[in-house]
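Side-chain atoms are counted along with the backbone in the values below, which use heavy atoms only and exclude waters and symmetry mates. Here is how names work: the chains are called A, B, and so on, in the same order as the sequence lines, proteins then strands, and each is numbered from 1.
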2 protein chains.
Amino acid sequence: MTTILIVDDEPGVRDLLHDALENADYDTELASNGAEALDAVRRGNVDLCIVDINMPVMDGFEFLERLRAHDTRTPVLMLSARDAPDDVARGLRFGADDYVRKPFSLEEILLRISAILRRSRSDATDELVLVCGPIEMNVDRHEIRVDGRDVDLSATEFRLLEVLLERTDRLVTREQLLREVWNIDFDSETSVLDTYISYVRRKIHHDDFAPITTVRGVGFKLMSPDTQR
Amino acid sequence: MTTILIVDDEPGVRDLLHDALENADYDTELASNGAEALDAVRRGNVDLCIVDINMPVMDGFEFLERLRAHDTRTPVLMLSARDAPDDVARGLRFGADDYVRKPFSLEEILLRISAILRRSRSDATDELVLVCGPIEMNVDRHEIRVDGRDVDLSATEFRLLEVLLERTDRLVTREQLLREVWNIDFDSETSVLDTYISYVRRKIHHDDFAPITTVRGVGFKLMSPDTQR
DNA sequence: GAGCGATGACGACAATTCTGATAGTCGACG
DNA sequence: CGTCGACTATCAGAATTGTCGTCATCGCTC
């Protein structure tokens with residue numbers, strides 16, 4: 001059985017998470033502040049912590065720092081309020097495993113939890129990363145790097161590239177792409193796909209690396225460098 | 001058992017619809033042009049026709065016109081290419097029961113089909129219409145009128161008003177609205193709800209009709225004219 | 001009833017998504 | 001090899017969605 005520790009000072013959020021996680025068949029423990037949370041982890045038997053950054057007295061970062069002083073193993077998922085890239089960076093530097101920005105849905109948080117647990121179970125840090133030449137897509141973290149540089153894709157752009165990456169070097173038809181990215185099942189004259197192909201190319205192509213090739217009349221294909229010639 | 005006649009000249013679309021409908025437990029008949037389709041309906045046993053407007057020889061309108069000359073009962077769902085408000089008007093005038101604009105998803109077309117069948121089964125033309133004073137929302141057709149005038153709401157605006165209408169004169173909490181419209185399950189400081197309340201008010205309120213009232217600290221309430229005072 | 005803190009309304013703006021138009025490119029065919 | 005038509009790339013712009021900041025308003029306390 002997997003036990004998840006919920007650390008948040010707001011009772012509403014705590015209860016919601018509690019119910020949701022119990023419903024999803026996790027055991028839960030609750031803590032309303034950092035001190036309680038540290039105690040709970042020390043008592044052992046916690047497989048993952050969900051920690052709100054914004055808490056009075058001991059905030060999420062302080063908790064994380066103190067926890068990591070003794071325990072570098074237990075995974076931690078941070079709940080960050082709003083848009084705070086600094087917070088994110090700071091959290092990851094201190095050893096958080098992932099962060100979720102508010103507002104978020106049940107579905108999203110459950111996905112993140114199972115991704116973290118999957119990683120931590122299979123020992124090391126094997127995240128789901130799709131690679132094609134200089135492109136690395138970390139699906140769990142929703143991050144992309146090309147030649148080691150972070151690239152910013154919108155949700156739709158990301159999804160499109162993800163589908164192409166999953167079928168590297170194989171043809172993906174227009175129909176498949178429309179279905180998997182836009183949930184459009186029927187033929188139509190929409191040009192939204194072409195537009196997004198263009199957006200993605202602009203963001204990841206450069207000089208001698210242009211892996212998204214057109215297969216006229218059929219679809220597109222993401223070519224790995226080996227195949228390119 | 002319900003039998004649906006699919007009329008489209010493109011084999012691809014035809015097959016997709018065929019598979020989808022069989023999967024959803026409908027019987028299907030296929031026709032690749034208007035003449036075949038008229039034959040099939042005359043043979044009896046067709047409960048609903050799905051007809052593409054764009055067909056060579058006899059197009060969707062011509063088919064509809066000829067069908068309606070003898071048969072005013074069998075419901076017809078038109079597939080319209082792209083944005084053609086004229087087509088829509090023309091189709092409905094000729095006695096189409098609904099139209100779906102390309103591109104569309106399986107889910108959407110199945111929803112439309114069951115809506116039409118529900119209506120046609122329960123005899124008359126009882127569509128799902130939510131009313132509150134001068135507001136009429138036709139959920140099936142995704143149309144709204146206020147004081148008899150069509151009002152244009154975006155998808156999110158529509159959904160928000162729909163949720164309020166479903167609970168007319170009852171309080172709907174911020175949490176319920178965030179969950180049902182945005183699929184956000186957790187507390188947060190987002191102000192997206194307030195922004196959209198503002199958008200909807202701007203579109204449907206006027207002089208002496210301002211039914212969306214604020215319940216401070218809790219949520220909103222759509223008040224019917226009787227209750228307003 | 002004045003002051004205050006919390007809450008809501010809404011304008012301004014940024015990002016994203018999608019449409020429609022236009023220009024370019026490919027490949028088939030003569 | 002040139003032409004034509006179909007298909008694709010890309011741009012500009014509209015619509016939609018969501019964020020942030022500011023100001024107004026509510027209801028409470030003194």
Inset, instruction - Answer yes or no: does a side-chain N or O of B/Trp182 lie under 4.0 Å from OP1 or OP2 of D/dT17? - result: no

Inset, instruction - Could you tell me the separation between the CZ atom of A/Arg159 and the P atom of C/dT17, rounded to a whole number of Å? - result: 13 Å

Inset, instruction - Starting at atom CD of A/Glu157, determine the distance to atom C1' of C/dA15, rounded to an integer number of angstrom. - result: 11 Å

Legend entry - Distance in angstrom units between B/Tyr196 OH and D/dC20 P, rounded: 15 Å

Legend entry - NZ/NE/NH1/NH2 to OD/OE distance under 4.0 Å, A/Arg179 and A/Glu175: no

Legend entry - Lys/Arg N to Asp/Glu carboxylate O, A/Asp140 vs A/Arg119, below 4.0 Å: yes

Inset, instruction - Assess whether one donor atom and one acceptor atom, taken from the side chain of A/Tyr199 and the base of C/dC18, lie less than 3.5 Å apart. - result: yes

Inset, instruction - Take atom CG of A/Asp152 and atom C1' of C/dT17, then tell me their distance rounded to the nearest Å. - result: 16 Å

Inset, instruction - State whether A/Arg202 places a side-chain N or O below 4.0 Å from either non-bridging phosphate oxygen (OP1 or OP2) of D/dA9. - result: no

Inset, instruction - Indicate whether the side chain of B/Asp9 and that of B/Ser32 have a donor and an acceptor atom separated by less than 3.5 Å. - result: no

Legend entry - Residue pairs fulfilling salt bridge (Lys or Arg N to Asp or Glu O under 4.0 Å) with at least one residue in residues 192-204 of chain A, sequence neighbours excluded: A/Glu157-A/Lys203, A/Arg174-A/Asp194

Legend entry - Nucleotide C/dT19, atom C1' - distance to CD1 of A/Ile184 in whole Å: 12 Å

Legend entry - Whole-Å distance separating the CG atom of A/Leu177 from the C1' atom of D/dT8: 14 Å

Short N/O separations, protein against nucleotides 4-8 of chain C, under 3.5 angstrom:
{"from": "C/dA6", "atom 1": "N3", "to": "B/Arg216", "atom 2": "NH2", "distance (Å)": "3.4"}
{"from": "C/dT7", "atom 1": "O2", "to": "B/Arg216", "atom 2": "NH2", "distance (Å)": "2.9"}
{"from": "C/dG8", "atom 1": "OP1", "to": "B/Gly217", "atom 2": "N", "distance (Å)": "2.7"}
{"from": "C/dG8", "atom 1": "OP2", "to": "B/Arg174", "atom 2": "NE", "distance (Å)": "3.4"}
{"from": "C/dG8", "atom 1": "OP2", "to": "B/Arg174", "atom 2": "NH2", "distance (Å)": "3.3"}

Legend entry - Atom-to-atom span, CG of B/Leu193 to P of D/dT17 - whole angstrom: 14 Å

Inset, instruction - Please determine if a side-chain N or O atom of A/Ser191 lies less than 4.0 Å away from the OP1 or OP2 oxygen of C/dC18. - result: no

Pairs of donor and acceptor atoms involving the side chains of residues 12-22 of chain A, under 3.5 Å and at least two apart or interchain, shall be tabulated with distances.
{"from": "A/Arg14", "atom 1": "NH1", "to": "A/Asp8", "atom 2": "O", "distance (Å)": "2.9"}
{"from": "A/His18", "atom 1": "ND1", "to": "A/Thr28", "atom 2": "OG1", "distance (Å)": "2.9"}
{"from": "A/Glu22", "atom 1": "OE2", "to": "A/Thr28", "atom 2": "N", "distance (Å)": "3.3"}
{"from": "A/Glu22", "atom 1": "OE2", "to": "A/Thr28", "atom 2": "OG1", "distance (Å)": "2.7"}

Legend entry - A/Ile212 and A/Val200, any side-chain heavy atoms less than 4.5 Å apart: yes

Inset, instruction - Would you tell me if any nitrogen or oxygen in the side chain of A/Ser198 comes within less than 4.0 Å of OP1 or OP2 on D/dT8? - result: no

Inset, instruction - Look at the side-chain N and O atoms of A/Thr195 and state whether any lies under 4.0 Å from the OP1 or OP2 oxygen of D/dC11. - result: no

Inset, instruction - Could you tell me the separation between the CG atom of A/Leu153 and the P atom of C/dA15, rounded to a whole number of Å? - result: 15 Å

Inset, instruction - State, with a plain yes or no, whether a side-chain heavy atom of A/Ile113 is found less than 4.5 Å away from one of A/Leu48. - result: yes

